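The structure appears right after this line, and notes come after that.
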Amino acid sequence: MAAPAANLKINGERLWDSLMEMAKVGPGVAGGNNRQTLTDEDAQGRALFQSWCEAAGCAMGLDQMGNMFARREGTDPDALPVYVGSHLDTQPTGGKYDGVLGVLGGLEIIRSLNDLGIKTKHPIVVTNWTNEEGTRFAPAMLASGVFAGVHTQDWAYAREDAEGLKLGDELSRIGWRGDEEVGARKMHAMFELHIEQGPILEAEGKQIGVVTHGQGLSWTQVTITGRDSHTGSTPMPMRRNAGLGMARVLEKVEEIAWSHAPHAVGAAGHIDIFPNSRNVIPGKAVFTVDFRSPDLSAIEDMETQMREQAQKICDDMGLGVEFEKVGGFDPVTFDKDCVTAVRNAAERLGYSHMDLISGAGHDACWINRVAPTAMVMCPCVDGLSHNEAEEITRDWARAGADVLFHAVLESAEIVD
Ligand code: HGY
Ligand code: MN
Ligand code: MN
């Protein structure tokens, strides 16, 4: 199949304008976004995305997990489509580009193909995957996980947020629960453009990350129970302080991650303390330990070490402790041919590039189980993400979308 001509480019200004327009939906408090999954703000973002897709001539499909599929027809209706997309939901203190760049980069491909009058053999489908972040409803990449057959739909529907609201009910409430069977769609290939969310590309002065692998992830929810009591009148020897127990466990999480340096990482981002009153010794602490590594044996060892050391800490302190695995996936090796299409695209377009292992999880990590999949990454300023100050340059956005364009075209096959 002939490779796309090097002068085929997307419209970087239009892409940037769309990013800024979407950023107005569900604004944060410090310049970023708070457009959490299945909130009214998420519904607004979905509606805006659908209006843009329809204006670009796409037909919108919607499955029972709310995954959105905007289809541009190919010349061969029987050819399996090439999928391209990411997620529109954000962290509570999220940035404007995490996920959104991949969805709107896919839309920009459709808009550019329309401008250029280019037809492709394979249809192209731009996708918005529901609940990639896993912040309101754990785990992350939930809907792409159902699509890939990793989670059942019933289990996903029953996931509850901090208020006890169920995912399935919220999906219906915002009116984005479709009829399509989840996972029935078959793909020729899938490509995802995403900001790196780490410092490597910027530090190395590279415009493009050719993502060969994704590191694995483990989320364990830990519940430590002690006894609520008065912070003033309870003698120190009588205290059963769940908050102190959590602090000692989190110190161990840090040590355990360092024991697998330089590639492993570990921390707890979700932490709830009860009753969280200034003059009550906490009787309960609930937190989620997030371990990651490109090496599965390292992840398994970190999980084991954490459980053993947390159990010992709690036994010594007279505290109860329970563990629940609430998320995880093994390290991922992306499809060689798709990765080569990404690398060839960067070469052809003259963008500096390097192979990269993704530090963050992405929908592509699950879709890689059911279709040939690869990712394109662009740098982000100071490697900062999951922070409202997340920032990229227009050039990085455009270069990433150009490479995505060429990789998708190589897979979808231009028809002269
Ligand atoms: O957790 C992750 O890696 C992704 O940002 N949801
Ligand atoms: Mn993301
Ligand atoms: Mn994210």
Side-chain angles (χ1 to χ4, degrees), residues 19 22-23 26 28 32-37 42 45 67 84-106 127-145 148 150-151 156 159 190-198 200 209 211 213-221 257 263-270 288-294 299 325-332 356-368 373 375-380 383-392 397 400 404:
L19 285 166
M22 182 59 76
N33 276 109
N34 180 5
R35 194 173 54 244
Q36 294 183 60
T37 197
D42 181 24
N67 296 315
V84 55
S86 190
H87 62 92
L88 291 174
D89 68 309
T90 76
Q91 288 286 333
T93 54
K96 299 190 281 284
Y97 312 98
D98 172 0
V100 186
L101 178 63
V103 177
L104 300 187
T127 307
N128 169 33
W129 296 105
T130 299
N131 191 39
E132 188 281 340
E133 290 295 357
T135 178
R136 185 182 175 199
F137 300 101
M141 300 108 75
L142 182 50
S144 51
V150 174
H151 308 301
R159 306 303 290 158
M190 151 77 169
F191 293 91
E192 179 170 3
L193 167 63
H194 206 288
I195 61 172
E196 179 197 342
Q197 299 183 290
I200 298 169
V211 185
H213 300 80
Q215 72 173 347
L217 169 153
S218 155
W219 280 0
T220 304
Q221 181 168 295
H263 299 301
V265 292
H270 152 241
T288 303
V289 176
D290 179 328
F291 281 126
R292 308 206 190 188
S293 169
I299 295 173
K325 186 79 180 280
V326 293
F329 58 87
D330 295 353
V332 167
L356 196 64
I357 294 175
S358 174
H362 303 285
D363 295 306
C365 296
W366 282 141
I367 302 305
N368 188 57
T373 300
M375 294 189 74
V376 183
M377 280 193 174
C378 76
C380 49
L384 187 65
S385 182
H386 285 194
N387 183 308
E388 292 206 42
E390 177 186 280
E391 203 46 76
I392 63 174
L404 183 73

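Read the numbers this way: they start at 1 and go in the same order the structure lists the ligands and their atoms. Being a predicted model, the structure only gives us computed values, none of them experimental. Scope of the values below: all heavy atoms of this structure, side chains included, with no hydrogens, waters or symmetry mates.
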Determine whether Glu388 and Asn33 satisfy the following criterion, side-chain contact (heavy atoms from CB on, under 4.5 Å), listing intermediate values before the conclusion. CA-CA 7 Å; Glu388 292 206 42; Asn33 276 109; over 6 Å; no
Test side chain to side chain donor-acceptor pair (under 3.5 Å) on Glu133 and Asn131; report intermediate values, then the result. CA-CA 5 Å; Glu133 290 295 357; Asn131 191 39; over 6 Å; no
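Listed by chain and residue number, the protein contacts of ligand 1 are Glu132, Glu133, Ala140, Arg292, Ala360, Gly361, His386 (heavy atom within 4.0 angstrom).
A donor-acceptor pair shorter than 3.5 Å can be found between the side chains of Trp219 and Asp290. Asp98 and Gln197 share a side-chain donor-acceptor pair at under 3.5 Å. Ser144 and Asp363 are linked by a side-chain donor-acceptor pair at a separation below 3.5 angstrom, with hydrogens and angles left out of the test. Donor-acceptor pairing under 3.5 Å is recorded for the side chains of Glu192 and Ser86. Ser293 and Gln215 form no side-chain donor-acceptor contact under 3.5 Å, judged by distance and modelled atom types alone.
Any protein N/O/S atom under 2.8 Å from the Mn ion (ligand 3) was counted, giving 4 altogether.
The atom of His194 that is an N, O or S and sits closest to the Mn ion (ligand 2) is NE2.
From Thr130, atom OG1 reaches atom CG of Leu88 across 9.5 Å, with rounding to the nearest 0.5 Å.
Met377 has its side chain within reach of His362: a pair of non-hydrogen atoms, C-beta onward, lies under 4.5 Å apart. Residues Pro92 and Arg136 are not in side-chain contact: their nearest non-hydrogen atoms beyond the backbone lie 4.5 Å or more apart.
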